[in-house]
There are 2 protein chains.
Amino acid sequence: MQVAKPTIQQISEITGYSVSTVSRVLNGYSKQYRISEKAQELIKKKAEELNFKPNQMARGLRLKRTFTIGLVIPDIANPFFAMMAKHIEKAASLSDYSILLVDSDENTEKEKQQIKNMIARDMDGIIVAPVGSEKKHFTEIIERKIPLVFVDRYFENCEIPFVTSDNLQGGYEATKHLIENGHKRIGLIKGDTSTQPVLERLNGYRKALQEYGITLNSAYEIGDTFSIESGYQSVRTVLKLPQPPTALFAMSNLIGLGAIKAIKETDLNIPTDISLIVYDDQPYAAFLNPSITTVKQDSEQIGKLAVNYIFKKINNEKTDVLQVKLQTQIISRASVKKIK
Amino acid sequence: MQVAKPTIQQISEITGYSVSTVSRVLNGYSKQYRISEKAQELIKKKAEELNFKPNQMARGLRLKRTFTIGLVIPDIANPFFAMMAKHIEKAASLSDYSILLVDSDENTEKEKQQIKNMIARDMDGIIVAPVGSEKKHFTEIIERKIPLVFVDRYFENCEIPFVTSDNLQGGYEATKHLIENGHKRIGLIKGDTSTQPVLERLNGYRKALQEYGITLNSAYEIGDTFSIESGYQSVRTVLKLPQPPTALFAMSNLIGLGAIKAIKETDLNIPTDISLIVYDDQPYAAFLNPSITTVKQDSEQIGKLAVNYIFKKINNEKTDVLQVKLQTQIISRASVKKIK
DNA sequence: TATGTTTGCACAAACGTTTGTGCTGGTGTA
DNA sequence: TACACCAGCACAAACGTTTGTGCAAACATA
């Protein structure tokens with residue numbers, strides 16, 4: 001249905017040179033194949049005139065490369081992932097690569113199905129922030145030797161490369177920050193517990209408590225979804241405990257928003273009545289009232305490292321298995337109060 | 001470099017049937033071409049066993065279709081666009097279409113370059129939220145009869161289809177809302193003035209003022225970029241006026257954040273000292289303190305309509321030129337105070 | 001038995017590239 | 001004069017599909 005685009009064959013006919021000659025000229029192999037200056041000029045001129053761009057399907061078919069990286073994200077509307085996606089796209093496009101985007105919607109079935117799609121579409125590399133704990137569907141990517149790297153979320157005891165923030169450190173330092181401000185009763189509002197980041201942040205949390213001789217209280221560890229709603233419900237629950245926490249550690253920015261809502265509705269004040277620290281720093285965190293203390297992850301670096309790794313693999317450069325956990329950083333603002 | 005995937009030819013060899021037969025069976029043309037039950041079963045079974053998925057490059061080359069929609073967004077990290085992208089991806093994947101994502105970074109050069117890329121990659125359709133006022137580079141899309149639709153931003157007096165929110169209405173009602181709360185000195189913090197939405201919101205603003213007999217004050221119309229920084233600087237400036245506004249209308253959620261920052265730094269209180277309404281409702285708006293009154297756009301509907309239009313064009317269904325402006329909605333919260 | 005019709009499939013071209021190899025005409029050398 | 005050599009290009013296969021057409025065998029009809 002679309003209007004015909006100029007092809008290498010048309011240029012061949014117009015110029016009188018064969019398609020192979022045209023191809024070589026346009027791909028910069030003129031010297032190597034001793035194409036005359038005259039031919040080069042003519043061909044380049046005509047190609048320019050016709051605004052010729054090689055058909056990427058044909059090229060991909062022949063070359064077995066698509067110049068495309070698949071990106072599978074659980075929720076592109078989550079600012080954290082959106083920011084990561086932005087940096088991934090930027091890094092890719094700098095090398096003339098494009099991004100095929102999938103939003104798995106935190107749904108393992110869609111993730112599976114779309115991974116298949118990515119394989120069928122011959123992605124040169126695939127970047128995934130996996131939804132859950134299931135990883136069987138990734139084996140085909142490995143078998144086909146398609147470069148794969150996980151971002152943010154990953155699997156333990158698995159040699160698939162990943163780049164994420166140091167969730168153990170982040171969880172530990174967030175908790176420590178609260179403890180050092182005098183808090184002993186600290187609620188942890190979790191995300192999906194089948195994901196590694198949640199597990200590690202949880203471990204960091206526990207590690208900090210234990211280090212300071214504070215006994216764990218399982219009633220303080222609550223929640224299981226990365227959403228506003230889940231954060232809201234969890235905090236409502238935890239605030240009803242006979243001895244409610246004096247501080248809350250929300251495991252994501254969405255959970256944090258839910259927490260704030262619940263706290264407000266309970267007529268409590270941040271930080272007077274209860275302190276809050278949120279994992280993942282977002283632009284608006286500084287503008288909430290009070291401004292929110294957060295754990296900042298370097299999403300730009302995550303994106304860049306992931307893409308660079310893919311490129312190295314594509315170019316067959318030797319690489320160590322990339323399993324990076326980037327340092328996190330506490331951004332101290334006004335939502336944590338020193339007590340006692 | 002990648003490990004070979006099963007092809008239709010391998011299935012052909014294994015089953016002893018020709019590639020054409022295999023193709024027809026796998027594409028559901030068995031009856032039409034009188035393929036025996038026996039052949040069908042065998043072929044399907046083998047295809048299943050080998051986990052066969054047709055090579056999309058070869059398929060695309062032959063069919064001249066890519067089953068891919070190009071999406072060009074000025075800033076995927078902007079929650080408004082991220083949400084739109086999410087709905088676009090969702091609608092597309094329901095019809096087994098994929099999304100090729102580009103972040104033009106509010107940069108016309110990158111937009112131009114990537115539009116070329118989309119054409120070379122034979123997108124079946126293209127959805128763009130154009131960066132600026134330049135539109136020459138879209139003509140090639142039209143000439144090639146590739147379905148194209150603009151979202152959010154568009155061009156006036158131009159028959160390229162678009163779907164956006166009714167920015168005139170939104171601007172008008174936001175301003176009216178402030179006026180009806182007693183405000184007469186209303187600052188308008190603008191985004192990029194080369195974009196149609198900004199122009200229309202501006203017109204809506206002026207229309208409301210005029211309707212209520214309030215004289216326009218050009219010093220109250222300020223700003224030219226969709227960013228936190230621009231919102232911040234603009235509001236700082238406008239607050240220094242001898243007669244500063246009693247209310248502010250921020251043209252986007254990022255501008256709104258900048259406005260809040262500037263207001264805070266000037267030691268003013270929202271809404272006691274100054275009221276604020278923000279174009280584009282985002283989850284966090286309800287959680288800011290005070291919660292922010294916003295103009296809500298239906299990003300889900302925008303995405304769906306855009307994709308559906310593309311599909312109709314792809315399937316050669318007759319359509320009217322799609323030029324839709326969706327109703328906006330004032331979400332009244334606590335950032336606007338009734339005065340006088 | 002001769003002819004026509006249907007069943008069930010195979011052949012081959014085409015989509016637009018890239019690339020290994022081969023060919024021709026001219027120049028240089030002995 | 002004979003030969004080698006090189007410059008400058010063309011040929012054709014291949015990538016994995018889809019699809020128009022052709023054709024043999026089986027069956028039906030007269």
Side-chain angles (χ1 to χ4, degrees), chain A residues 1-44 46-47 50-67 119-122 124 144, chain B residues 1-44 46-47 50-67 119-122 124 144:
Chain A
M1 68 157 299
Q2 289 158 17
V3 170
K5 298 196 303 181
T7 72
I8 225 175
Q9 323 205 24
Q10 291 176 24
I11 298 186
S12 159
E13 287 167 20
I14 295 176
T15 60
Y17 290 100
S18 73
V19 288
S20 53
T21 298
V22 174
S23 171
R24 290 198 242 254
V25 168
L26 263 23
N27 285 293
Y29 293 120
S30 303
K31 293 121 286 178
Q32 189 178 338
Y33 284 92
R34 302 180 302 261
I35 313 294
S36 65
E37 284 295 331
K38 204 180 84 185
Q40 291 184 44
E41 278 175 29
L42 182 58
I43 289 171
K44 283 179 184 167
K46 284 298 168 191
L50 295 174
N51 195 14
F52 170 80
K53 272 264 198 178
N55 179 311
Q56 296 298 316
M57 309 239 82
R59 192 144 190 272
L61 182 59
R62 173 65 221 236
L63 259 27
K64 291 179 157 295
R65 287 180 68 178
T66 55
F67 302 95
I119 295 174
R121 282 169 178 267
D122 267 311
D124 289 350
R144 302 213 183 288
Chain B
M1 70 157 298
Q2 288 158 18
V3 169
K5 298 195 304 183
T7 73
I8 223 176
Q9 324 206 25
Q10 291 176 22
I11 299 186
S12 159
E13 287 167 19
I14 294 176
T15 59
Y17 290 100
S18 74
V19 289
S20 53
T21 298
V22 174
S23 172
R24 290 197 241 255
V25 168
L26 264 23
N27 285 294
Y29 294 120
S30 303
K31 293 121 285 177
Q32 188 177 338
Y33 285 93
R34 304 181 300 263
I35 312 295
S36 64
E37 284 294 332
K38 203 181 84 184
Q40 291 184 44
E41 279 176 29
L42 181 57
I43 289 172
K44 283 180 183 166
K46 286 297 169 189
L50 294 175
N51 194 16
F52 170 81
K53 271 263 196 178
N55 179 311
Q56 295 298 316
M57 307 241 84
R59 194 144 191 272
L61 182 60
R62 173 65 221 236
L63 259 27
K64 290 179 157 297
R65 288 180 68 178
T66 54
F67 303 95
I119 296 174
R121 282 171 178 266
D122 267 309
D124 288 350
R144 301 212 184 289

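In what follows, chains are A, B, ... by sequence order, proteins preceding strands, each numbered from 1.
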Enquirer: Could you state the CG-C1' distance from Leu50(B) to dG16(D), rounded to the nearest angstrom?
Expert: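 My rounded result for the distance is 15 Å.
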Enquirer: Please state whether the base of dC11(C) and the side chain of Ser20(B) form at least one donor-acceptor pair under 3.5 Å?
Expert: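 A donor-acceptor contact between them is present.
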Enquirer: Is there side-chain contact between Met57(B) and Thr66(A), with heavy atoms separated by less than 4.5 Å?
Expert: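 Yes; the side chains approach each other to less than 4.5 Å.
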Enquirer: Return the value, rounded to whole Å, for the distance between atom NZ of Lys5(B) and atom P of dC15(D).
Expert: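 Distance, rounded to whole Å: 14 Å.
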Enquirer: Do any of residues 23-36 of chain A sit with a heavy atom less than 4.0 Å from DNA chain D, and if so which?
Expert: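 Arg24(A), Tyr33(A), Arg34(A), Ile35(A), Ser36(A), in order of number.
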Enquirer: Atom CG of Leu61(A) and atom C1' of dA14(C): how far apart are they, to the nearest Å?
Expert: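 Atom CG in Leu61(A) sits about 12 Å away from atom C1' in dA14(C).
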Enquirer: Rounding to a whole Å, what distance do you find between Ile8(B):CD1 and dC9(C):P?
Expert: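 One finds 16 Å between P of dC9(C) and CD1 of Ile8(B), rounded.
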Enquirer: Would you please confirm or rule out a distance under 4.0 Å between OP1 or OP2 of dA10(C) and any side-chain N or O of Thr21(B)?
Expert: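 Yes, such a contact exists.
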Enquirer: Which heavy atom in Ser12(A) sits nearest to a heavy atom in Tyr17(A), and how many Å separate them?
Expert: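 Closest approach of Ser12(A) to Tyr17(A): OG-O, 2.6 Å.
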Enquirer: So, OP1 or OP2 of dG16(D): does either fall under 4.0 Å of a side-chain N or O from Lys64(A)?
Expert: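 The answer is yes; a side-chain N or O of Lys64(A) sits under 4.0 Å from OP1 or OP2.
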Enquirer: Provide, to the nearest angstrom, the distance between the CD atom belonging to Gln9(B) and the C1' atom belonging to dG16(D).
Expert: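 Atom-to-atom, Gln9(B) to dG16(D), this comes out as 6 Å.
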Enquirer: Quick check on DNA chain C: between Tyr17(B) and Leu63(B), whose nearest nucleotide comes earlier from the 5' end?
Expert: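 The 5'-side residue here is Tyr17(B).
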Enquirer: Return the residues of residues 53-60 of chain A meeting this criterion: a heavy atom under 4.0 Å from some atom of DNA chain D. Order them by number, or give none.
Expert: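 Heavy-atom contacts with DNA chain D come from no residue of residues 53-60 of chain A; none.
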Enquirer: For Leu61(A) versus Ala58(B), what's the shortest heavy-atom pair and its separation?
Expert: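 So the minimum-distance heavy-atom pair works out to CD1-CB, 3.8 Å.
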Enquirer: In whole angstroms, how far is the C1' atom of dG8(D) from the CD atom of Gln40(A)?
Expert: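 Value for this atom pair: 11 Å.
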Enquirer: Could you state the interatomic distance from OG (Ser36(B)) to CD1 (Ile43(B)), rounded to the nearest 0.5 Å?
Expert: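 So the gap between those two atoms works out to 8.0 Å.
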Enquirer: Distance from Ile35(A) atom CD1 to Leu42(A) atom CG, nearest 0.5 Å?
Expert: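 Separation between the atoms: 12.5 Å.
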Enquirer: Can you name the nearest heavy-atom pair linking Gln10(B) to Lys5(B), along with the distance?
Expert: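 Taking Gln10(B) first and Lys5(B) second, the nearest heavy atoms are NE2-O, 3.7 Å.
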Enquirer: State, to 0.1 Å, how close Phe67(B) and Arg59(B) come at their nearest heavy-atom pair, and which atoms those are.
Expert: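 The pair with the smallest heavy-atom distance is CE1-NH1, 3.4 Å.
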Enquirer: Let me have the donor-acceptor pairs involving side chains of residues 24-34 of chain B, under 3.5 Å, with sequence neighbours excluded, atom names and distances please.
Expert:
unit_1	atom_1	unit_2	atom_2	d
Asn27(B)	ND2	Ser23(B)	O	2.8
Asn27(B)	ND2	Ser23(B)	OG	3.3

Enquirer: Roughly how far apart are Lys53(B) NZ and Ile119(A) CD1, rounded to 0.5 Å?
Expert: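 It comes to 9.5 Å.
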